[in-house]
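Report on the following structure.
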2 protein chains.
Amino acid sequence: MLPELKLAPLRYVLAILDSGGFHAAAKQLHRSQPAISMAVRDLEERLGQPLFEKGGGKALLTPFGRWCEPRFRELVAHHDRVCRDALAIARQQRGRVDIAAVPSVASRLMPALLAGFLEAYPGIDISLQDGHSERVNEMVLKGEVELGITSLWLPDDTLRFDALLHDDIGVVCRDDHPLAQKDALHWRALKPYTLIRNGTSRLLEGSPAAELLAHSTLYISNMISLTAMLEAGIGVTTLPRLAFQEEHQRLRFIPLATPHLERRIGLLRRARQSLSPAADAMYGYLMAQLEGSHR
Amino acid sequence: MLPELKLAPLRYVLAILDSGGFHAAAKQLHRSQPAISMAVRDLEERLGQPLFEKGGGKALLTPFGRWCEPRFRELVAHHDRVCRDALAIARQQRGRVDIAAVPSVASRLMPALLAGFLEAYPGIDISLQDGHSERVNEMVLKGEVELGITSLWLPDDTLRFDALLHDDIGVVCRDDHPLAQKDALHWRALKPYTLIRNGTSRLLEGSPAAELLAHSTLYISNMISLTAMLEAGIGVTTLPRLAFQEEHQRLRFIPLATPHLERRIGLLRRARQSLSPAADAMYGYLMAQLEGSHR
DNA sequence: ATAAAATGATCAGTAAAACTTACCATAATA
DNA sequence: TATTATGGTAAGTTTTACTGATCATTTTAT
């Protein structure tokens, strides 16, 4: 029914018009002149009407050709636009990544990392949102973000986790607390004190130290509230080192030596789903930057 | 630099998405399945990114592929739109003709002709304007109209004239005028009477009757004014038969027998310029309708 | 007026592309 | 576990697009 107008002949026609003749167009397009003639003739046959006047020695458009010219230009321009945009995205010169990270990573690690990424990939837009690890997990799973930076939650065959760094668990208390002078702790050393649980406390689960959780009666999810509690000397808590905010001068972080606990922070992505070029750039960048640096 | 995205592979991709698989798309497109696979792979290589997920058995888009899909659809749709419109014009199902005609033809011949044309070519828009032959000539020459219907003015090698009909020159006078009873006239019979010249009077030039013009002191260009003058009995005039309005009951048309003068009415178009498909339809229609009918 | 140079068209042969048939590997289905 | 999907691969064929040589006209220059 509809003949297929290939783009090359359309370009030939436009080149003829722009350069003023078949020979000039041929040179411009690095083709032989008969190639141009034949392509134009084929195009005219498909359309059922000549585009160029046949008589004179010069290449002049017919009225039909004059009607066609602007549409051909638009169509070719449209093609080139789509082509250019697609390539820019494929080449990671443009695009967008949506990332989610646990708050500690988002606030402690990402600023420097994103600054470097923004410089390396100036055309890529980034959206970063934080959430606790469960929420990050869910966002990746639901496709709300392409990449998550989190501690591994539930190993899932629809998700893929690539470890980036290990983050030791420790105890945080005020500097005048009896524990504050220690260099390393055994979990039993915490038993006499009030333990404030927080969002990261479930990292203790499955270890001997889990016993502490059972005796804890205070749970604070918000990090700001938690540090306020600790600064008020109400109790102690456990935190991964990365989640410990060093700028609080009266708080101390003491590594938990026995059991040695750590969370594995890494990149989370859907397993059977490839990344967008922009996300792939981010993925590669993060892997390269954090490879070995904190392990 | 920019790779050329051929339209066929884009259609393949869309067909895969619409039909849900490579095999189904192949059947729908009347191609073999490997043809689809190879075209898609080639397209992916050109873009530098896969469009479909490789792992699973099903045809699922990558994020990059999801970005591409709507643009591919738009591009293909754009192509089809241009293609369809161009074909409609080429096939004379749509388009526009601008015509100019001398007033007599415009009012006496064109109504019936255009009615027929409108029926035969329902998609074609027509613009008809009238003007004296010199003006029609100029409009065709300047490209203001594609076709003129006029008596040949100056044979010009940039214009082409195709005769349609011969229009006899005669004398017009009131029914009580001495000449009104004659069947045919010799030019000298006019000498005693007041001759009113009009726009068609120069048709007498170059004939013996031209002598009459020298003695005429009244020139009326407007046909309504001219008939009013004739009805008032002020004088007589010469007119081609087609320009004589038979609905004026008190006016008579007497053919000029000696010299036998006629104007050749025909189609005027630019010589070295082909017609738009719509104008070509009009040209062919008019030639067919008037061929022989009035000659 | 004549020669020279330019225009686009034509034709045969060739290189490139797109496609088909046959077959393979893998994943979902019965 | 056999079956029937899926899509991928390879060799061979058809189709398309192109080149090089040549021609007919028209325009330009002498």
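Computed from a predicted structure; not experimentally measured. The chains referred to below are lettered A, B, ... by the order of the sequence lines, with proteins before strands, and numbering in each begins at 1.
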Under a 4.0 Å N-O cut-off, is there an ion pair linking [X] with [Y]?
X: A:Arg269; Y: A:Asp280; answer: no
X: B:Glu138; Y: B:Arg135; answer: yes
X: A:Glu134; Y: A:Arg202; answer: yes

TODO: Look at the rings of A:His78 and B:His78 and say which category their plane angle falls in: under 30° parallel, 30 to 60° tilted, over 60° perpendicular.
DONE: tilted

TODO: May I ask you to check whether A:Phe22 and A:Phe52 place their ring centers less than 6.0 Å from one another?
DONE: yes

- [ ] Hey, which sits more toward the 5' end of DNA chain D by its nearest nucleotide, A:Pro9 or B:Ala24?
- [x] B:Ala24

What is the separation between atom [atom1] on [X] and atom [atom2] on [N], rounded to the nearest whole Å?
X: A:Arg272; N: C:dA27; atom1: CZ; atom2: P; answer: 11 Å
X: A:Phe52; N: C:dA9; atom1: CZ; atom2: P; answer: 9 Å
X: A:Glu45; N: D:dA17; atom1: CD; atom2: P; answer: 12 Å
X: B:Glu53; N: D:dG8; atom1: CD; atom2: C1'; answer: 17 Å
X: A:Leu61; N: C:dG8; atom1: CG; atom2: C1'; answer: 15 Å
X: A:Asp42; N: C:dA17; atom1: CG; atom2: P; answer: 18 Å
X: A:Phe22; N: C:dA5; atom1: CZ; atom2: C1'; answer: 19 Å
X: B:Ile36; N: C:dA18; atom1: CD1; atom2: P; answer: 13 Å

Open item on the list: Here's a test of your reading of the structure: between B:Lys58 and B:Ala35, which maps to the more 5' nucleotide of DNA chain C?
Closed with: B:Ala35

At under 4.0 Å, does any side-chain N or O of [X] touch on OP1 or OP2 of [N]?
X: B:Tyr12; N: C:dA18; result: no
X: A:Arg41; N: C:dT10; result: yes
X: B:Lys6; N: C:dA18; result: yes
X: A:His23; N: C:dG8; result: yes
X: A:Ser37; N: C:dG8; result: no

Candidates [options] - which lies nearest the side chain of [X]:
X: A:Met38; options: C:dC19, D:dG8, D:dC18; answer: D:dC18
X: A:Pro34; options: C:dC19, D:dA21, D:dT6; answer: D:dA21
X: B:Ser32; options: D:dG8, C:dT20, C:dC19; answer: C:dT20
X: A:Gln33; options: D:dT19, C:dG8, D:dA11; answer: C:dG8

TODO: Classify the nucleic acid contact of B:Ala8 as base, sugar-phosphate or nothing, counting any heavy atom under 4.0 Å across all strands shown.
DONE: nothing

- [ ] Scan A:Ala39 against the nucleic acid and name what it touches under 4.0 Å (heavy atoms): base, sugar-phosphate only, or nothing.
- [x] nothing

TODO: Evaluate whether atom CD of A:Glu119 has more than 12 neighbouring non-hydrogen atoms of other residues, nucleotides or ligands under 6.0 angstrom away.
DONE: no

